[in-house]
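So that the names make sense, note that chain A is the first sequence line, chain B the second, and so on, each numbered from 1.
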Protein chains: 2
Amino acid sequence: MEYKQIDILTEESCEELHHDEAAVADAETKMPDDDMLFEASDFFKAFSDSSRLKIITALVSRELCVCDLCEIVGQSQSAVSHQLRVLRASRIVKFRREGKQVFYSIDDTHIEEIIRITISHLSEE
Amino acid sequence: MEYKQIDILTEESCEELHHDEAAVADAETKMPDDDMLFEASDFFKAFSDSSRLKIITALVSRELCVCDLCEIVGQSQSAVSHQLRVLRASRIVKFRREGKQVFYSIDDTHIEEIIRITISHLSEE
DNA sequence: TATTTACATGAACAATTTATCATATGTTTA
DNA sequence: TAAACATATGATAAATTGTTCATGTAAATA
């Protein structure tokens, strides 16, 4: 990763000077640090698969057990469990066990707002 | 895709009845149609890579030419162009040509809001 | 008009992601 | 305690994605 940057600077960049040095400097100042960028892109990655998005959307209004989620997304229990694992890792869903069943629900208040804004945005055009 | 669903229903689902049939029916009613789900997940996919997210973040406050974007994200011109292609396809950025340079900018008013909410969400914990 | 500059793109390869299959774990029930 | 049920998970294969390299195109300029 570091080597790549060195390569670019020496071989590929548009000479020594950028076209709008001030804009570049300003953008670099305002840029969130790499940790935040990786965390944020991971967060969005959770929404970037239609099966996961279906799971998230289904959970917005109520908690559901895994079996019902399989029914709703039309996928195997194993596939759904793997996706839930991803969503758990991103702390988008939480779960509680009740006997043999495990109930999942949204672990965050912002999720619904983000989905709502996005859907309304995409519906506009 | 269709065949997969049939397989699941006959081989894998938890018998004939779900655990909470009403909840499943309700979730299925409220579920956006598949076209919307694919479109929305594609939209989020644009944000799911840290290089693309860096490009988007840089463009939020101003338009930038490709060369300056390369400088900011620290990647080759080719890599950045390929990413811009993805962002164009999702209609997240627009561009205008000015002589030899091409200037990119955000093609949507919701983008900043979505990023802002997400960053604030991730900063909370 | 030949060259240079800025950017785009196709092909190939590497890395990552997703689905499937088999199996393991935790809980209830016979 | 054995069997059944609901869910989780590791390994593998298939699909997708991201980067690089080589080359193509449009505009400016020598």
Whole-Å distance separating the [atom1] atom of [X] from the [atom2] atom of [N]:
X	N	atom1	atom2	answer
A:Phe47	C:dT17	CZ	P	17 Å
B:Leu87	D:dT17	CG	P	14 Å
A:Phe95	C:dT27	CZ	P	11 Å
B:Glu63	C:dC7	CD	C1'	16 Å
B:Ile55	C:dC7	CD1	C1'	13 Å
A:His19	C:dT5	NE2	P	10 Å
A:Leu84	C:dA19	CG	C1'	14 Å
B:Phe103	C:dT5	CZ	C1'	14 Å

>> Does D:dG18 have its OP1 or OP2 closer than 4.0 Å to a side-chain nitrogen or oxygen of B:Arg52?
In response: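 For D:dG18, OP1 or OP2 has a side-chain N or O of B:Arg52 closer than 4.0 Å.
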
> So does B:Gln101 get a side-chain nitrogen or oxygen closer than 4.0 Å to the phosphate oxygens (OP1/OP2) of D:dA26?
Replying inline: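 Indeed not, no polar side-chain atom of B:Gln101 lies that close.
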
>> Students often mix this up, so state it plainly: with edges at 30° and 60°, are the rings of A:Phe44 and B:Phe44 parallel, tilted or perpendicular?
In response: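 Geometry flag for B:Phe44 against A:Phe44: parallel rings.
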
> Linking I/L/V/M/F/W/Y whenever any side-chain heavy atoms sit under 4.5 Å apart, do A:Val86 and A:Leu59 land together?
Replying inline: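 Shared cluster, no.
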
> Starting at the 5' end of DNA chain C and moving along, which residue's nearest nucleotide shows up first, A:Gln83 or A:Arg97?
Replying inline: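 Residue closer to the 5' terminus by nearest nucleotide: A:Gln83.
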
> Considering heavy-atom distances to DNA chain C, does A:Asp42 or A:Lys100 have its closest nucleotide positioned more toward the 5' end?
Replying inline: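 With A:Asp42 and A:Lys100 compared, the 5'-side residue is A:Asp42.
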
>> If we ignore hydrogens and angles and just use 3.5 Å, is the side chain of A:Ser41 paired with the main-chain N or O of A:Phe38 as donor and acceptor?
In response: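 Yes; at least one donor-acceptor contact below 3.5 Å.
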
>> Quick test of your reading: applying salt bridge (charged side-chain N to carboxylate O under 4.0 Å, His left out), list the pairs with at least one residue in residues 44-53 of chain B, sequence neighbours left out, ordered by first then second residue.
In response: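 Found B:Asp42-B:Lys45.
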
> Looking for any heavy atom pair under 4.0 Å, which part of the strands does A:Tyr104 touch: base, sugar-phosphate only, or nothing?
Replying inline: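 Sugar-phosphate, no base atom in range.
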
> Which nucleotide in the list C:dT28, D:dG18, D:dA8 gets nearest to the side chain of A:Val66?
Replying inline: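 Of the options given, the side chain of A:Val66 lies nearest D:dA8.
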
> Given A:Tyr104 and A:Arg96, is the side chain to side chain donor-acceptor pair (under 3.5 Å) satisfied, shown in steps?
Replying inline: CA-CA 7 Å; A:Tyr104 280 82; A:Arg96 66 180 181 86; over 6 Å; no

Below 3.5 Å, can you tabulate the donor-acceptor pairs from side chains in residues 24-31 of chain A to any protein atom, sequence neighbours excluded?
{"residue": "A:Asp26", "atom": "OD2", "partner": "A:Lys30", "partner atom": "NZ", "Å": "3.4"}
{"residue": "A:Asp26", "atom": "OD2", "partner": "B:Arg62", "partner atom": "NH2", "Å": "2.0"}
{"residue": "A:Thr29", "atom": "OG1", "partner": "A:Ala25", "partner atom": "O", "Å": "2.8"}

Under 3.5 Å between N/O atoms: give me all the protein pairs with nucleotides 9-16 of chain C, atom names plus distance.
{"residue": "C:dT9", "atom": "OP2", "partner": "B:Arg85", "partner atom": "NH1", "Å": "3.2"}
{"residue": "C:dT9", "atom": "OP2", "partner": "B:Arg88", "partner atom": "NH2", "Å": "3.1"}
{"residue": "C:dT9", "atom": "O4", "partner": "B:Ser78", "partner atom": "OG", "Å": "2.7"}
{"residue": "C:dG10", "atom": "O6", "partner": "B:His82", "partner atom": "NE2", "Å": "2.8"}

> For A:Glu112, does the CD atom have more than 12 heavy-atom neighbours from other residues, nucleotides or ligands under 6.0 Å away?
Replying inline: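 Atom CD in A:Glu112 is not packed in, count stays at 12 or less.
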
